[in-house]
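The figures here come from the full heavy-atom set of this structure, side chains too, leaving out hydrogens, waters and symmetry mates.
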Amino acid sequence: MKQFLVVVMLFSCIGLAAIGEGAFLLLRFEPSNINRGMGEITGVVNIWHNNPFTAYSNPAISSFQKGFAYSYAHEDWIDFGSDSKLEYNRALMTIAYNGFAITLPGYNSDQRWGISMPNTYTLYPFTDVNIEDYTQIRAFGLAINPCEIFRNNHLETYPWLKYIDLAIGANYIPLKDEVTYIIYDEDIDDYQMEKMKVDADVLNIGEILRLKYCFQDKLALEAVYGLTHFNANAEHVKYDNDTEAYPIYADRNQGFAFSAAVKTNPILVNTKLHNLGLFDNLFSFRYLNSALVPNYKNSEEITGNGIELGFLDTFYYRSGNYDDDAGGISGSTNGWGINLHYKDLISFGYNYSETPGGDLVDKHKSEEYSCSFDFIGIYDIMVK
């Protein structure tokens, strides 16, 4: 019975239970397998993929993307057996053009929009009633890169604009949670079920600074700094029949990244493969590092770092490290990905990651799928 109560409490903690790190802990989960493979929290500076999940941790990142993109993933986060499990479902969309982008929730495998975790279990040994609770997160984002917008029209006047990007963005995130609590009623000497529903919303603000330079169209170097404030408005949530309001999970995350890429031009020039223009980089190497402060408690810090090796902008290997001493979750991360694409016009992607799970599970293993279409670029080719 004690084990059962622990499971029920765990279900509650994901959404409403106000424990040490705040309510709605699902906000802290990283949806992107790309980021999870490289230290998990390093998404604050990962600007190199046209994937909506990478714009969740830092909303400014979507301004570096192009066209319409959609990402989808379903994950059995923890399976307790006996029809008791936690699922982590997510789907996001981005629409971007010339430094301006919006982020929208997608339709996920839980038949809800955005990110959700349905909590399904049977109340054995108390009753055979099936309980279906859930936590839902929807992200509506806006991002802008003024440097990209300005240089599209004034690059000849201000040539230095091709070396710098400064982007800002914000995600408005409505939250919804439904949790069943098991309460022992001494008057009837039996357990009673009480359903609680809570709605709230938070604001996630982010910024990106990028410096870039390419040596004779051969070697492209980039340095990136990123900063985010998750739940920047420091929202609280109040439970039904409770006089105390509890803080919703919040954090501050900042990091830096370095990228070096060998361009295709000097090596494949005058070849049929180069003339096809399928990819820009032969090889790429990226290093990402970040430090996250949960609930703005400077005495606690979560760190993450990782690398990514890319070949032909198509095949990627990722590795990293995640260290959360206070939360008891530390260890290595890894992953890989495939991005089948034609130029920057159309792509279909698959990304896999493994991350440490702490005491409850050894490793979280996850798969995600994505696609992107630059409809304006496709139209320009068709009319030429």
Side-chain angles (χ1 to χ4, degrees), residues 30-36 38 42-73 90-106 114-115 139-152 162 164-172 204-210 212 220 222 224-226 228 255 257 259 261 279-281 284 286 288 308 310 313-314 316 337-351 368-380:
E30 171 57 61
S32 170
N33 283 350
I34 298 174
N35 295 334
R36 292 168 75 173
M38 296 184 288
T42 56
V44 66
V45 286
N46 190 359
I47 64 172
W48 293 283
H49 295 276
N50 201 26
N51 185 308
F53 285 156
T54 62
Y56 175 80
S57 295
N58 188 341
I61 287 175
S62 61
S63 65
F64 292 87
Q65 300 177 355
K66 295 181 62 176
F68 169 82
Y70 179 87
S71 294
Y72 170 95
R90 52 220 192 259
L92 291 176
M93 301 180 290
T94 54
I95 303 172
Y97 179 73
N98 285 351
F100 180 83
I102 60 174
T103 299
L104 298 169
I115 300 172
F140 299 88
L142 180 66
I144 186 171
N145 182 351
C147 296
E148 174 69 14
I149 295 174
F150 200 72
R151 67 172 163 249
N152 285 330
K162 64 183 179 181
I164 187 171
D165 286 285
L166 179 61
I168 57 175
N171 283 344
Y172 167 70
N204 183 16
I205 299 175
E207 63 182 44
I208 287 286
L209 171 64
R210 175 173 70 168
K212 55 184 179 178
E222 297 172 89
V224 178
Y225 169 79
T228 62
S259 172
F279 44 83
D280 294 326
N281 304 309
S284 61
R286 285 145 191 165
L288 298 81
E308 178 183 74
D313 294 331
T314 303
Y316 296 94
I338 299 177
N339 181 42
L340 303 177
H341 64 284
Y342 176 69
K343 299 184 178 181
D344 291 331
L345 301 177
I346 183 171
S347 71
F348 297 92
Y350 169 87
N351 293 288
E368 75 174 42
Y369 303 88
S370 64
C371 63
S372 68
F373 304 90
D374 183 358
F375 293 109
I376 295 178
I378 294 174
Y379 174 79
D380 289 342

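Applying the ring pair (Phe, Tyr, Trp, His ring centres under 6.0 Å) criterion to Tyr316, with sequence neighbours excluded, gives His49. For Asn145, the side chain to side chain donor-acceptor pair (under 3.5 Å) criterion is met by Asp165, not counting sequence neighbours. In this view, Phe100 satisfies the ring pair (Phe, Tyr, Trp, His ring centres under 6.0 Å) rule with no residue, not counting sequence neighbours. Considering only residues two or more places apart in sequence or on other chains, Ser259 meets the side chain to side chain donor-acceptor pair (under 3.5 Å) condition with Arg286. Listed by chain and residue number, Leu104, Pro105, Arg138, Tyr172, Pro174 satisfy the side chain to side chain contact (heavy atoms under 4.5 Å, CB included) test with Phe140 (two or more places apart in sequence, or in another chain). Partners of Leu345 by side chain to side chain contact (heavy atoms under 4.5 Å, CB included), not counting sequence neighbours, listed by chain and number: Tyr342, Lys343, Asp374, Ile378, Ile381. Phe373 is linked by a side chain to side chain contact (heavy atoms under 4.5 Å, CB included) to Phe68, Ile346, Phe348, Cys371, Phe375, counting only residues two or more places apart in sequence or in another chain. Taking the side chain to side chain donor-acceptor pair (under 3.5 Å) definition, one finds that Thr228 meets it with nothing, sequence neighbours left out. Contacts of Glu148 classified as salt bridge (Lys or Arg N to Asp or Glu O under 4.0 Å), with partners at least two apart in sequence or in another chain: Arg151. Residues forming a side chain to side chain donor-acceptor pair (under 3.5 Å) with Asn281 (at least two apart in sequence, or on another chain): Lys263, Asp313. Legend: residues meeting salt bridge (Lys or Arg N to Asp or Glu O under 4.0 Å) with Glu222, ordered by chain and number and at least two apart, are Arg210.
Side-chain atoms of Ser57 and Glu30 include a donor-acceptor pair closer than 3.5 Å. A donor-acceptor pair shorter than 3.5 Å cannot be found between the side chains of Asn46 and Thr54.
Nearest heavy-atom pair, Gly169 versus Ala60, reported as atom, atom and distance to 0.1 Å: N-CB, 3.7 Å. Closest approach of Val45 to Ala257, counting heavy atoms only: CG2-CB, 3.8 Å. Shown here for Ser370 and Ser71, the closest heavy-atom pair between the two residues is CB-OG, 3.5 Å. Nearest heavy atoms, Ala101 versus Ser62: CB-O, 3.3 Å.
Remark: side-chain polar atoms of Asn171 are not paired, donor with acceptor, to backbone N or O of Asn204 under 3.5 angstrom.
Tyr369 pairs with exactly one of Phe53, Tyr70, Tyr350 by the ring-ring contact (aromatic ring centres under 6.0 Å, His included) rule, that one being Tyr350.
Applying the side chain to side chain donor-acceptor pair (under 3.5 Å) rule to pairs touching residues 94-106 yields Gln65-Thr94, sequence neighbours excluded.
Heavy-atom contacts from other residues, nucleotides or ligands closer than 6.0 Å to CD1 of Ile205 number more than 12.
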